[in-house]
Amino acid sequence: MSISAAGGADGSQSRNVPPHRSAPPTSSADGSAASPPPSASQPALGELAARSSRASKRNITIDGETWDVAVRAGQWTIATQTDPDTTAEIDEVSRYRIVNLGEGGNRRFYEIRSGDVYKEPILNPEPEKALPVPADVEYVHATTGESMRLAERIAGIILRDGGGRTIGRFSITNAESKNIQLALGNNGRLEVDGQVFHLQSILMPDANRIRNYDAFFGTEPPDDGKVKVWEKGYLPI
């Protein structure tokens, strides 16, 4: 289950520097070619670097770590970290995060953070509110039937009635905002405002790019007591 949120840039505008054409080489008195003049972009880059070094940075704490605030867009904060020993261009950072911070600095809805190697964006729904996966349940791959161990948590909940029709779907944050009371046991039994459901299947949206799961609950326990785990690429649709 995904949560969309509007976001935007910080309103600043960059100006494109027109391409510089080097002057034709001139000859010195001894006939050798003189060096072309420096690129017109070099003074501008130097000024940007000087401004960056003079600018004061605001720090925030996210999950116990100190980050520099790069951009704010509504409720969302784009924060960066740059390692002191990193040799990089002036606009490069070591890592980044996009978070929605509530009171006390808790992370709400979802966050995006950079990968360790390629710095690719990784989506983490409900980074602090996601529910632990029930421990006393057997999970099997829906396609191969192999047993599985799940390392992530449950961020989205889908409720179905006895006929398989969806009667409710929400994120953990959304449930809290609507005062929906959730109680999930290690046996996969979920109480929603006093009504009982059972964990039937788990959806892994994208193991490489999206963390946490969507969980499907029905009014009856799953067949043969095993909870099927579906990967998005293997859905029978």
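Using a 4.5 Å heavy-atom threshold, the side chains of Met204 and Met148 count as touching. In this structure, Arg72 and Thr77 have side chains that are in contact, with non-hydrogen atoms separated by less than 4.5 Å. Counting only heavy atoms from C-beta outward, the side chains of Pro222 and Lys228 never approach each other to under 4.5 Å. For the pair Arg97 and Glu65, the minimum side-chain heavy-atom distance is below 4.5 Å. Within the 4.5 Å cutoff, the side chain of Arg113 has no heavy atoms near those of the Arg211 side chain. Side-chain contact between Leu159 and Phe170 is present, with at least one heavy-atom pair separated by less than 4.5 Å.
Once rounded to the nearest 0.5 Å, the distance linking CH2 of Trp230 with OG1 of Thr143 reads 5.5 Å. The CG atom of Leu101 sits 7.5 Å away from atom CG of Asn106, with the distance rounded to the nearest 0.5 Å. The distance from atom CG of Asn174 to atom CD of Glu126, rounded to the nearest 0.5 Å, is 9.0 Å. Atom-to-atom distance recorded for Lys129:NZ and Thr173:OG1 is 5.5 Å, nearest 0.5 angstrom. Separating the CD atom in Glu176 from the CD atom in Gln181 is a distance of 9.0 Å, to the nearest 0.5 Å. Interatomic distance, OG1 of Thr80 versus CZ of Arg95, reported as 10.0 Å (0.5 Å rounding).
Note on Ile180 and Val196: separate hydrophobic clusters, where clusters join Ile, Leu, Val, Met, Phe, Trp and Tyr whose side-chain heavy atoms are under 4.5 Å apart, directly or indirectly. Linking Ile, Leu, Val, Met, Phe, Trp and Tyr whenever their side-chain heavy atoms come within less than 4.5 Å puts Ile202 and Leu182 in one cluster. A continuous path of ILVMFWY side-chain contacts below 4.5 Å connects Ile157 to Leu150, so both sit in one hydrophobic cluster. Residues Ile112 and Ile122 fall into different hydrophobic clusters, defined by Ile, Leu, Val, Met, Phe, Trp and Tyr side chains chained together at heavy-atom separations under 4.5 Å. Hydrophobic cluster membership is shared by Val69 and Trp67, with clusters built from Ile, Leu, Val, Met, Phe, Trp and Tyr side chains linked at under 4.5 angstrom.
Applying the side chain to side chain contact (heavy atoms under 4.5 Å, CB included) criterion to Gln200, with sequence neighbours excluded, gives no partner residue. The side chain to side chain contact (heavy atoms under 4.5 Å, CB included) test applied to Pro134 returns Val137, Tyr139, Ile154, Leu184, Leu199, not counting sequence neighbours. Here Asn187 pairs with Arg189 under the side chain to side chain contact (heavy atoms under 4.5 Å, CB included) rule; sequence neighbours left out.
The two residues Leu203 and Glu231 have their closest heavy-atom pair at CD1-C, 4.5 Å. Here the closest heavy-atom approach between residue Arg153 and residue Ala130 is recorded as NH2-O, 2.7 Å. In plain terms, the two heavy atoms of Tyr213 and Glu152 that are nearest each other are OH-N, 3.1 Å. Nearest approach of Ile62 to Ala79, heavy atoms of both residues: CD1-CB, 4.0 Å. Here the shortest heavy-atom pairing between Trp76 and Tyr110 reads CZ3-O, 3.4 Å.
Gln81 places a side-chain N or O within donor-acceptor distance of the main-chain N or O of Thr66, the cut-off being under 3.5 Å. Between the side chain of Asp206 and the backbone N or O of Arg209, at least one donor-acceptor pair lies under 3.5 Å. Between the side chain of Ser201 and the main chain of Phe216, no donor-acceptor pair closer than 3.5 Å is present. Proximity of a side-chain donor or acceptor of Lys119 to a complementary backbone N or O of Ser94 within less than 3.5 Å is detected. A donor-acceptor pair under 3.5 Å is absent between the side-chain atoms of Glu138 and the main chain of Ser147, judged by distance alone. No donor-acceptor pair under 3.5 Å is formed between the side chain of Glu111 and the backbone N or O of Asn124.
More than 12 heavy atoms of other shown residues, nucleotides or ligands fall within 6.0 angstrom of atom CD in Glu120. Within 6.0 Å of the CG atom in Asp116, the count of heavy atoms belonging to other residues, nucleotides or ligands does not exceed 12. Few gaps surround CG on Asp136; more than 12 heavy atoms of other groups in view lie less than 6.0 Å from it.
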